[in-house]
Amino acid sequence: MTDISRLIEALKQAEQIEMEGIKVVADELELTVSPLSVLPAVKKVAPEYSVQTFEKPLVKYRGEVSPVRLGNTKAEGGTRNHSITVGGDKTMPFESENPSKPAVAFDVFDMKIPLPSPVRMHFEEVLEDPAEWAKLCVDKYGADMVTIHLISTDPGIKDTTAREAAKTVEDVLQAVKVPMIIGGSGNPDKDPEVLKKAAEAAQGERCLINSVSMNLDYKKIGSACLDNGHAVLSWTQLDINNQKTLNKHLFSIGLKKEDIIMDPTTAPLGYGLEFSFSTMERIRLAALKGDDDLQMPIASGTTNAWGAREAWMKAPEWGDWEKRGPLWEAVTAMSLWLAGCNLFMMICPTSIELFKSMVDVLSSDKKEITDDMNWIGL
Amino acid sequence: MRKKVGSLDIYKYLPKINCKKCGEKTCMAFGSQLIERKVELKDCPHLKRESLKSLEEILAPAVREVVFGELPVSIGGEEVLYRHELTYFNQTAIAIDIHDEMGKEELSKRIKFVNNFSHERIGETLTLQAIAIRNRSGDAAKFEKCVEETAKRTKKALILCSWNFEALNKALEIIGHKKPLIYAATKDTWKEVGGLAVKYNCPVAVFADNDISELKSVVNALQRMGIDDIVVDPGSRLGPCTLQLFVMLRRSAMDEDKVLNRPILGVPAAVYLQGGNGLKEAMAASLMMAKYADLIILHNIEIWALLPILTLRQNLYTDPRRPVRVEAGIKEFGSPDENSPVLLTTNFALTYYTVASDIESAKVDCYLIVLDTDGIGVEAAVAGRQLSASRVKKAIDETGIGKKVRHKKMAIPGLAARISGELEQLCGWKILIGPNDSSDIGKFIEGRWKA
Ligand code: B12
Ligand code: SF4
């Protein structure tokens, strides 16, 4: 009897009752329910707004990415105006913290090279003079890092001597006071000597030497970095195991995590970007999960984007080239940043500005694109 | 984290009679294909109802799939956070916006644009999926008229965007049967808008500006109304938090949150309309797609902006499980005869389609030998020996190209120059080294081949 009265009490409060497989055993049962509220049994609860609280899904990692500092100021025994630290990430991008701010370095070449017009137009007057080129990047386009590519040293190009190349490095170091990346020509026979001499010429400035790979004398270059206080770029081609192996070799020479940045190769947008994207994500995940051999910042030769024909071809049917080209490079950078990349070597001032402005919007309080959420009414 | 489904979990529910009707050799094989999502439950005719139900539950993707539109568009249905863990399935759908105060001409220009847009890239036709109609005026009658006009002119999926319940109601009276996506239910309008979703059986988007708890509450309220097809929009202000919200939503789905396991909507158009420009909008679209947007709404329809966006989408949604390759063999271009040039390339889809489109636009009649390099491009295949003199010789023999032409001369890609000497010796053909980039094939044939 008490059960029944409890049921009746409960019914008074219910908006709706759902009966399913009920067997009522009673002599006499009187239920007075208003007919209006008798609904067929549906799998539905009454509409109701109840406040839900969202708890951030926890992500805990064992490992983190070591920070690598580039550029020595006076206090650190160099002549740079500022230094830049890349890496230091503790989670995947935007997981619970924002990713570390990406560093962007402007490409400068030690000789005139063919460039697609949306890039060339910015540098027309300085293409023959790397020091002036670097200055223009810093003074006009606000570069906070510069890469000098010593491509003229390639025996198949001009075969410039290592000594002359070192002189170029000195000139550029004189001309601009930002942290510097020093790149060879990619010739595996010549690069070790060129990069060694360049490293010596830049002693104490803490440059990034670009690069060592499996198919050249990495010991020679690595040791030159150690002896002259530089960091080194460890370059492999979209292969995590190779990347690990090369890093181990570098450790065994005596380089530390704080001295190494990895370049797992940038295949540009539309031309294998998915390989680079996933390789970077996998490297970063492995690092966070505790793989000691991969806990270094990641770099991208984003300029490769201009190798995609949608970037370098004028092709009017694909729309305004002066927007399409730079956008191609900027989108390549943006997507790799979201895969975990930390350092971007880029070439077009328009792309760089666009990329940096989006990074600012996403990672600082700068509210350029803003508050009015009423996009329907705009 | 979600537990990975094993084939034994599935096998339990299969008929275990190995009848092969599904196209697989055994029920076990069918089970593992189910996990890979390469076959569907309906491919097995012998499943019992209860088993079907259990299997559907086990196999339900981490992110619920939502289908909308007259020409149906599927979004969501994703299983993993990172594409290398399996693959991403449903490409981010792209909608272009129009509004109810747009001039007639512009309106029809934009609708036509979406209808007709297509771009061929690596053997795939890239298109736009939807039109988002904004109730810019705030007026219900105007909106209704614009929706009606638009629906007459397109079969593309529609998204009805209004904060005004009355406007949505009127629009749905006309096109409710076409299954548009209703945008948006908020904490103030969920009951009414949810009512419309139920009445017209249409999917609905939930909007909560920058507040996942609020988003979750509204989705929960809609779920209680029996609505399952829900899309979530956490706001596209692009502050420091936007991407974090996207990432947290997707992580929650992977952690089996049964409220927030929904396709995500991003609105790059908001970036454009709030004082941005086409470049910024394209960047916003890119970053949203890279971090889990399943549907985006764009304003700018300039081709220079759409190309990188569509290309990024194509890249991200490439299935990492199978190298994109084409069939090996001889391909004929134009109407080649016994004097026509013979060219060589690889069966990597990107390489093949690039070369094919260059040959087509150069309008040369020729034979193209597509070498089986395991789907690897020229340079990497030379390095990895899939493009070697002996493999090319084998292809020459097997394709019987020697019987189709009277000469014995073949052009190879410039980037494969290294193998030319060995190849010449091995097969006795004269090998010409072509340009590095196939866009110069026309010039090359005119000049070097004919010389
Ligand atoms: C993506 C890529 C990969 C992908 C390959 C994906 C695939 N399915 O091909 C992966 C990650 C698997 C890979 C692996 C390797 N790669 Co790799 N890879 C690249 C990368 C980044 C892009 C290559 C590409 O896709 N290009 C785009 C396609 C469309 O170009 P393509 O096939 O050459 O076609 C063009 C031309 O050849 C020409 N063409 C084509 N056919 C024809 C026909 C005629 C008649 C003519 C005239 C022209 C022509 O026109 C086409 C359009 O421009 C390049 C670096 C770069 N160049 O940017 C390195 C690169 C090719 N790889 C390289 C190497 C060494 C390797 C590995 C050996 C090393 C490793 N990482 O383990 C392996 C080998 C794998 C194998 N063979 O099994 C080297 C090759 C060096 C060399 N010259 O020998 C490169 C150049 C990187 C480098 N700078 O060191 N790689
Ligand atoms: S059709 Fe069904 S019963 Fe027959 S083999 Fe396939 S899974 Fe087994």
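Just so you know, these numbers use all the heavy atoms, side chains as well, and skip hydrogens, waters and symmetry mates. Remember, it's a predicted structure, so these values are computed and weren't measured experimentally. Note on naming: letters A, B, ... go to the chains in the order of the sequence lines (proteins, then strands), and numbering restarts at 1 for each one.
- Annotation: maximal heavy-atom pairing with chain A below 4.5 Å, among B/Leu215, B/Asp358, B/Asp257, occurs at B/Asp358.
- Residue contact with chain A, scored on non-hydrogen atoms closer than 4.5 Å, involves the side chain of B/Leu350 exclusively.
- Contacts of B/Leu306 with chain A are absent, with no heavy-atom separation under 4.5 Å from either backbone or side chain.
- Inter-residue side-chain proximity for A/Val331 and B/Met283 is flagged as met; some heavy-atom pair is nearer than 4.5 Å.
- Of the atoms belonging to A/Gln237, not a single heavy atom falls under 4.5 Å from chain B.
- Counting heavy-atom pairs under 4.5 Å between each of B/Val267, B/Leu245, B/Thr242 and chain A puts B/Val267 at the top.
- Shortest non-hydrogen contact noted between A/Asn374 and B/Trp163 is OD1-NE1, 2.8 Å.
- Proximity of B/Glu302 to A/Asp320: side-chain heavy atoms (C-beta onward) are nowhere separated by under 4.5 Å.
- In plain terms, the two heavy atoms of B/Trp304 and A/Gly319 that are nearest each other are CB-C, 4.1 Å.
- For the options A/Glu55, A/Met313, A/Lys56, heavy-atom pairs under 4.5 Å to chain B are most numerous at A/Lys56.
- Open room surrounds NZ on B/Lys187; 12 or fewer heavy atoms of other groups in view lie less than 6.0 Å from it.
- Shown here is A/Lys244, whose NZ atom has more than 12 heavy atoms of other residues, nucleotides or ligands within 6.0 Å.
- Using a 4.5 Å heavy-atom cutoff, the side chains of A/Tyr49 and B/Ser217 are in contact.
- Distance check: A/Met334 CE to B/Lys291 NZ gives 12.5 Å after rounding to the nearest 0.5 Å.
- Of the atoms belonging to B/Ser438, heavy atoms from both backbone and side chain fall under 4.5 Å from chain A.
- Atom-to-atom distance recorded for B/Leu279:CG and A/Arg324:CZ is 12.5 Å, nearest 0.5 angstrom.
- Across all their heavy atoms, B/Ala284 and A/Met358 have their closest contact at N-CE, 3.9 Å.
- For chain A, no part of B/Val219 is nearby; none of its heavy atoms comes within less than 4.5 Å.
- Rounded to the nearest 0.5 Å, atoms CG (B/Leu316) and OG (A/Ser335) are 7.0 Å apart.
- Residue B/Ile297 touches chain A through its side chain alone, counting heavy-atom pairs closer than 4.5 Å.
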> Given A/Leu338 and B/Leu243, is the side-chain contact (heavy atoms from CB on, under 4.5 Å) satisfied, shown in steps?
Replying inline: CA-CA 10 Å; A/Leu338 297 176; B/Leu243 273 191; 3.6 Å; yes
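- Considering only heavy-atom pairs separated by less than 4.5 Å from chain B, the leading option among A/Leu327, A/Leu273, A/Thr332, A/Thr279 is A/Leu327.
- Considering all non-hydrogen atoms of both residues, B/Gln244 and A/Phe94 come closest at CG-O, 3.3 Å.
- Using a 4.5 Å cut-off between heavy atoms, A/Glu310 contacts chain B through its side chain alone, with no backbone atom that close.
- When the candidates A/Ala315, A/Ser278, A/Pro326 are compared by the number of heavy-atom contacts under 4.5 Å with chain B, A/Ser278 comes out ahead.
- Side chains of B/His84 and A/Leu285 form a contact here, defined as non-hydrogen atoms less than 4.5 Å apart.
- Atom CH2 in A/Trp375 sits 7.0 Å away from atom CG in B/Asp97 (nearest 0.5 Å).
- Rounding to the nearest 0.5 Å gives a distance of 5.0 Å between OG of B/Ser439 and CZ of A/Arg309.
- In plain terms, the two heavy atoms of B/Asn220 and A/Ser50 that are nearest each other are OD1-OG, 3.7 Å.
- Taking a 6.0 Å sphere around CZ of A/Arg282, one finds it holds 12 or fewer heavy atoms contributed by other residues, nucleotides or ligands.
- Counting only heavy atoms from C-beta outward, the side chains of B/Thr318 and A/Phe277 never approach each other to under 4.5 Å.
- In this structure, chain A has heavy atoms under 4.5 Å from both the backbone and the side chain of B/Lys216.
- Judged by distance alone, the side chain of B/Arg121 and the main-chain N or O of A/Gly270 form a donor-acceptor pair under 3.5 Å.
- Inter-residue side-chain proximity for B/Val247 and A/Met92 is flagged as unmet; no heavy-atom pair is nearer than 4.5 Å.
- Looking at heavy atoms from C-beta onward, B/His299 lies out of side-chain contact with A/Leu378 at the 4.5 angstrom threshold.
- Of the atoms belonging to B/Glu85, not a single heavy atom falls under 4.5 Å from chain A.
- For A/Ser96, the part sitting under 4.5 Å from any heavy atom of chain B is the backbone (N, CA, C, O) and nothing else.
- Counting heavy atoms from C-beta on, the side chains of B/Leu307 and A/Trp328 come closer than 4.5 Å.
- The CD1 atom of B/Ile122 sits 7.5 Å away from the OH atom of A/Tyr271 when rounded to the nearest 0.5 Å.
- The two atoms that bring A/Pro57 and B/Met248 nearest to each other are CG-O, 3.9 Å, heavy atoms only.
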